[in-house]
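Comments concern the structure below.
Remember, it's 1-based here, ligands and their atoms both numbered in the order they're listed.
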Amino acid sequence: MNPRIASINAVASCVDGYDPDALPVDAARAAIRACLAPVGGIERIATRSVLGRVLAEAIVPAIDVPAHDNSAMDGWALRAADLKHDAETVLSEVGTALAGRAYAGTVGPGECVRIMTGAVLPRGADTVVIQEIVKADGPRISVPSGQKPGQNVRAAGEDLKTGIPVLRPGRALTPADLGLIASLGIGEVAVRRKLRVAFFSTGDELASIGQPLAEGQVYDSNRYTLHGMLTRLGVELVDMGVVRDDPRALEAAFRSAAASADAIVTSGGVSVGEADFVKQMMGTLGEVLFWKIAMRPGRPMAFGRIGSAFLFGLPGNPVAVMVTFYAFVREALLVLGGRGDDSALPLLQAPAAHPMRKVPGRTEYQRGILYRDGTHWKVKSTGQQGSGVLRSMSEANCFIVLEHARGRVEAGEPVPVQLFDGLI
Ligand code: AMP
Ligand code: MG
C-alpha cells in the first residue's frame with residue numbers, strides 16, 4: 001500500500017462514536033468520508049456530451065449574455081422621456097428592429113421603432129411598449145399613459161456577466177448547465193474522468209443466468225442491482241462476474257480489480273460466521289475494516305483499501321446490498337469522482353399511514369410507498385421487510401428512514417422519507 005496515504009483505521013477511528021462492533025450509520029458515513037479524496041484525471045469533451053459529468057474548471061463568461069440590451073416583447077421601442085404621464089403619447093415610427101437584424105439609426109425625440117422579441121434595442125430607446133395596447137395608424141403610433149420607463153427590456157448581461165464565474169468545479173452538470181455553457185459559445189469543457197468501479201458477487205451458492213439452478217443454488221441477482229445502481233451514478237463499470245468462496249479465485253479477483261479500478265464493490269462473505277475466505281482475503285490483500293453497523297437491513301460491511309482502490313464489501317442479502325449501497329457507497333463514489341456540491345440525498349417528512357415497529361439503537365431502512373390520500377401525501381410500508389425480499393425494493397418508491405434513537409412509530413407521526421425517483 002502507498003505509505004504516503006494515512007492508515008484507514010487511524011483516520012476512521014478518530015470519528016465521533018466510532019465503534020466497529022456497533023457503528024451508528026452516521027458515524028460509518030463520517031468515517032468513510034474522512035478517508036476519501038477525489039481521484040485525479042481530467043479530460044476535455046464536447047459540451048453536448050458533458051451531461052452528468054463533474055466539472056473540473058470554473059466556467060467564467062468571456063461575454064455578456066445577452067450581449068446587448070434587447071426587447072422582451074413584440075411592440076415599439078421608444079424613449080421614456082417622451083411619454084406623457086396623464087395622456088396618450090403620439091410618436092412617429094422611423095424603422096424596424098428584428099431579432100438578428102438591428103435598426104441602424106438612433107431613436108430621436110418623438111420617434112419610435114417597431115421592434116420584435118430578441119431584437120437589439122436601438123440607440124436612444126430605453127423602453128418597449130407591447131403591441132397589444134398600441135394604436136398604429138401608418139407611421140403614427142399612439143401609446144396609452146401608464147408605461148414604466150425601462151419596461152420590457154432585457155438588460156445586457158442580466159443572465160450572465162463577463163468575468164463572473166457561473167459554474168464551479170465539482171458540479172455535476174445538468175441540462176440547464178449545458179445550455180448555459182452553450183450560451184457562452186463554449187464548445188468544450190474540462191471534466192473529471194469517470195470513476196472506474198469493479199464489482200463482483202461472492203458465494204458458492206450463486207448460479208449465473210444461463211446455468212441451470214442446482215439444489216441449494218440461487219441466481220446471482222446482486223450483480224444486476226449493482227450494475228443498475230452504478231450505471232445510474234455514471235461510473236465506468238468493470239463487471240467481474242461471480243467469484244467462488246475459494247481463496248485463490250478471490251485473491252485473483254481482488255488483485256485484478258485493484259489494478260484496474262478506483263473502487264471495488266463486492267457482495268457477500270462479510271457476515272459473522274461466514275465461511276470466512278472473503279473477509280480473510282480482503283484483510284490479507286489490503287487494509288480493510290470490518291464493521292457491524294447499527295442498521296437494518298445490512299449490518300455487516302467491510303470498508304478499506306486494496307492497493308489504491310477503495311473497497312466496499314457489502315452484505316449478500318439482496319435488500320441489504322441496495323440499502324448499504326445507498327447509505328454509504330453512493331455518496332463515497334460521488335466524492336471519489338470529484339463531486340464538490342452537496343450530493344447527500346434529501347430527506348422529506350411524510351406522515352406514517354399506520355404504526356411501524358422499530359427498536360431504538362439502529363437506523364432502519366423500511367421500504368415504503370409514498371402515496372396521495374386525497375389532498376395529502378402519506379407513506380406506508382410495502383409489507384414484508386425481510387432482507388432477502390427484493391420484491392419490497394421493486395414495489396417501493398421510497399425508503400422510510402427510521403432514525404437511530406427512534407422507537408415505535410404511531411399512525412400519523414411524520415417519518416423521514418428518501419424518494420427513489422430518478423435514483424434507482
Ligand atoms: P452472505 O452475506 O454471503 O452470507 O449472504 C447472505 C445471503 O444473501 C445468503 O442467503 C445468500 O445466498 C444471499 N446472496 C449472497 N450473494 C447473493 C447474490 N449475488 N445474489 C443473490 N443472493 C445472494
Ligand atoms: Mg456468502
Element-labelled atoms of ligand 1 that are located less than 4.0 Å from some non-hydrogen atom of Tyr219:
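Going through ligand 1 atom by atom, the ones under 4.0 Å from Tyr219 are 20 (N), 21 (C).
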
Within the 4.0 Å heavy-atom shell around Ser201, which atoms of ligand 1 are there?
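Ligand 1 atoms under the 4.0 Å threshold to Ser201: 19 (N).
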
Would you check whether Arg223 reaches within less than 4.0 Å of ligand 1, judged by its heavy atoms?
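Not so, Arg223 does not reach ligand 1.
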
Check whether any heavy atom of Gly203 sits under 4.0 Å from an atom of ligand 1.
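Heavy atoms of Gly203 never come under 4.0 Å of ligand 1.
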
Taking atom 19 (N) of ligand 1 as the point of reference, which of Asn317, Asp220, Thr202 owns the nearest heavy atom?
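Among Asn317, Asp220, Thr202, the closest heavy atom to atom 19 (N) of ligand 1 comes from Asp220.
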
Considering only heavy atoms, which of Gly316, Ala320, Gly269 lies nearest to atom 23 (C) of ligand 1?
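Residue with the shortest heavy-atom distance to the ligand atom: Gly316.
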
Expected list for residues 25-38: side-chain donor-acceptor pairs under 3.5 angstrom, two or more places apart:
from: Asp26; atom 1: OD1; to: Arg29; atom 2: NH1; distance (Å): 3.4
from: Arg29; atom 1: NE; to: Ala327; atom 2: O; distance (Å): 3.0
from: Arg29; atom 1: NH2; to: Ala327; atom 2: O; distance (Å): 3.3

Verify whether the ring centers belonging to Phe325 and Phe312 lie closer than 6.0 Å.
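Not under 6.0 Å, so no.
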
Any side-chain hydrogen bond (donor to acceptor under 3.5 Å, both in side chains) involving residues 113-125? Give me the pairs, sequence neighbours left out, ordered by first then second residue.
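Qualifying pairs: Asp74-Thr117, Thr106-Arg123, Arg114-Gln131.
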
Pick one of side chain, backbone, both or neither for how Val242 approaches ligand 1, counting any non-hydrogen atom pair under 4.0 Å.
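Neither part.
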
Could you tell me whether Ser271 approaches ligand 1 through its side chain, its backbone, both or neither, with non-hydrogen atoms closer than 4.0 Å?
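It is the side chain that touches ligand 1; the backbone stays farther off.
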
Residue among Glu57, Arg44, Arg53, Glu43 satisfying side-chain contact (heavy atoms from CB on, under 4.5 Å) with Val189:
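Exactly one candidate clears the test, Glu57.
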
For side chain to side chain contact (heavy atoms under 4.5 Å, CB included), just list the numbers for Phe310 and Leu336, CA-CA rounded to whole Å, side-chain angles, deciding distance to a tenth of an Å, and then say yes or no.
CA-CA 9 Å; Phe310 283 93; Leu336 288 176; 3.8 Å; yes

Just how far is it from atom CZ of Arg223 to atom CG of Asp239, taken to the nearest 0.5 Å?
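The CG atom of Asp239 is 4.5 Å from CZ of Arg223, to the nearest 0.5 Å.
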
